[in-house]
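In what follows, a structure is listed as structure tokens, so that the remarks can point back to it.
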Amino acid sequence: MASNVVLLTGVADHVGGRLAARLAADPVVRRVIVAAPRPPAVGLPERVELVVAEPGSPLLVEVLRSAGVETVVYAAPRSADRPSPGRLSEDHDVVATMRLLASCQRAGGVRRLVVRSTTEVYGAGPNAPAVFTEQDVPAGAPRPAALEVEEQARAFATSSPGTTLTVFRLAELLSGRVDSALGRYLSLPVVPTVLGFDARVQFLHHQDAVAVLHRASTHDLPGVFNVAGDGVLLLSQALRRAGRVALPVPAAAVPAAARIARTPVSPGLTRLLSFGRVVDTSRLRTSFGYAPRWSTSAALDDHVHARPPR
Amino acid sequence: MPEARVIPLRRRGVEDAAPLRPATPALVRQPHGPAPNLREFLRHRLTGDYPVDEFGFDPEFTDTVLLPPMRAIFEKWFRVTVTGSLPAGTGAMVVANHSGTVPWDAAMTAVAVHDVHPEHRHLRMLGADLLFKVPVLADIARRSGQTLACRADAVRLLRSGEVVGVWPEGFKGIGKPFRDRYRLQRFGRGGFVATALRAEVPIIPCSIVGAEEIHPKIGELRPLARLLGLPYFPVTPLFPLLGPLGAIPLPTKWTIHFGEPVRTDLAGPGADQDQALVLDIADRVRDTIQTTLDRAVAARPGIF
């Protein structure tokens, strides 16, 4: 295992960047190659090599082949987790996945694929179970792009035998460092909440996200795993703890109210803020062998300390 | 021969049974002790420092805000008599008849379970998705420990040792006309039995007498129901004639009886897939409730 060569994407994001640094510091990883369509704004850690290539370009195939890449980590955030998601970025997400996987297929030699997905694949609604296990992906529409990304990765893993696929469905990322749609929402001085609803939320600290991605990049641990901090908070509780002022408005007015403060709230996030979402993480603890170090409330506290109320 | 596999035992049998898998309740149970401290409660509300479980159940809120007024109605308005008992140290599924146009029966059963159960458990009720769509109602439902009537949630609650309340008649039961009082409606396809079998918890047949007369439904306004997205819009002798006053339930005298537990842990794994067995147990639970209702209705001195 000492000859592990890892290629990862998505270092522009905080989780991807931290992951690159941790992989570079890991002695079992021989080389860390970062693929990005354009050079990242932040400096890369030592021992990390950079390939400036679009996913699917011949250069990327060449690098995958010549460096003998065994592990590919798709660590870019799914569009739903980005600060300002949109339909366009969802399509872009799916197409980028197709191209990246096509490159891996052409290069051959990839034995391990790690994909960062999101608990958004479960959706949120009045007729959804309160707690989602990994099998509980709803069958009907609307299908989030992240689910399509997962399916493409699964198709790739089945078509190339001997490939282990690890998919992480990350809960809402929240910490002092990471920038997410929910993080921005919770940083508003007056937070518009959905009148008559109090959603159950779970947060994930970016350190735990990095830790699970790192562990999957260096061990053969196939499967789909929910990742979330321990414990559940109600949104009203989270706002109280954060010292924010909640302003209940009808559900339809939440995006508009947030837009006044120039913080876009996607339809998916509005649904989450109404109906809430909790995932079961027992598979992560038992099969994958990792227990998140930051609880939901600890991740929130870290976020609040980094961004005191304005 | 699936019928031979489940043997309903006396309650002693359930208590003597090998302990089910260790219960892992998410929260420390508060015994039915002194009145909650209001100042502490307010401080917790203001700082957000109180526990909720993964279903959004808020025991402090339930004990401080919801249960006291419900208990007052339980004691003073409906003067509920509770008979029978509930097994300790295990999850259980309480299955009851549903009636009364407005689900007062569910609220009163929650009080009865909390008071009668040896460990003063909160009844975790399974509700229709309609409940979780309506603003305010959705919030209170989650806070009081209710969740969606789906297999995943129910099995999860039962396996963690909770007492789960089920009304298998659903809207057909609660919204039935007055002339059908104390006549159990269809018990669906027995989904509740499959759930109990999977979780291997006893089913407690529960018969509620008195709730069927609180709002005698003599008709309904279908167009209005459709407009509001409700399963029915009731017409009673007092509602909507008297407006909000008509929404006050009649002060009937109630009895709630918890029957002998029906064991489900002897059927073996995969029993929840056995449709014949599931329907057989569902019928037996239904018959038990119907018989108990008939006997209790015949024996009571009067409605009030």
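Everything numeric in this text was worked out from a predicted model, so none of it was measured. Residue numbers start from 1 in every chain, and the chains themselves are labelled A, B, ... in the order their sequence lines are given, proteins ahead of strands.
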Would you compute the distance between atom [atom1] of [X] and atom [atom2] of [Y] and round it to the nearest 0.5 angstrom?
{"X": "B:F57", "Y": "A:L234", "atom1": "CZ", "atom2": "CG", "value": "12.0 Å"}
{"X": "B:D53", "Y": "A:R200", "atom1": "CG", "atom2": "CZ", "value": "9.0 Å"}
{"X": "B:R45", "Y": "A:Q237", "atom1": "CZ", "atom2": "CD", "value": "7.5 Å"}
{"X": "B:D153", "Y": "A:D136", "atom1": "CG", "atom2": "CG", "value": "9.0 Å"}
{"X": "A:S236", "Y": "B:D58", "atom1": "OG", "atom2": "CG", "value": "8.5 Å"}

Just give me the residue among B:L137, B:V136, B:L130, B:T147 that pairs up with chain A most often, heavy atom to heavy atom, under 4.5 Å.
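The candidate making the most pairs under 4.5 Å is B:V136.
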
With chain A, which of B:R156, B:R151, B:K133 has the greatest number of heavy-atom pairs at distances under 4.5 Å?
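The candidate making the most pairs under 4.5 Å is B:R156.
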
Evaluate B:R143 against A:D198 for salt bridge (Lys or Arg N to Asp or Glu O under 4.0 Å), listing each step before the verdict.
CA-CA 9 Å; B:R143 273 187 197 273; A:D198 204 354; 2.7 Å; yes

Kindly check if the number of other-residue, nucleotide or ligand heavy atoms within 6.0 Å of CZ (A:R293) is above 12?
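Not buried by this count: 12 neighbours or fewer within 6.0 Å.
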
Please flag which part of B:L46 lies under 4.5 Å from any non-hydrogen atom of chain A: side chain, backbone, both or neither.
both

With only heavy atoms counted, which part of B:T47 is less than 4.5 Å from chain A, the side chain, the backbone, both or neither?
backbone

Engaged part of A:F132 at the chain B interface, taking heavy atoms whose separation is under 4.5 Å
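The answer is neither part of A:F132.
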
Checking A:D301 now: which residues fulfil salt bridge (charged side-chain N to carboxylate O under 4.0 Å, His left out) with it, not counting sequence neighbours?
none

Please identify each residue that fulfils salt bridge (charged side-chain N to carboxylate O under 4.0 Å, His left out) with A:R271, with sequence neighbours left out.
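For A:R271, no residue satisfies salt bridge (charged side-chain N to carboxylate O under 4.0 Å, His left out) once neighbours in sequence are set aside.
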
Closest heavy-atom contact between B:L148 and A:A128?
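Where B:L148 meets A:A128 most closely, the heavy atoms are CD2-O, 3.6 Å.
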
Taking all atoms of both residues into account, what is the closest heavy-atom pair of B:F132 and A:F275, and its distance?
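In terms of heavy atoms, the two residues are closest at O-CE2, 3.5 Å.
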
Does this structure show an ion pair linking B:D49 with A:R240, if we count only N-O contacts that are shorter than 4.0 Å?
no

Please answer whether the main-chain N or O of A:V278 pairs with a side-chain N or O of B:E54 as donor and acceptor at a distance below 3.5 Å.
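No; zero donor-acceptor contacts below 3.5 Å.
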
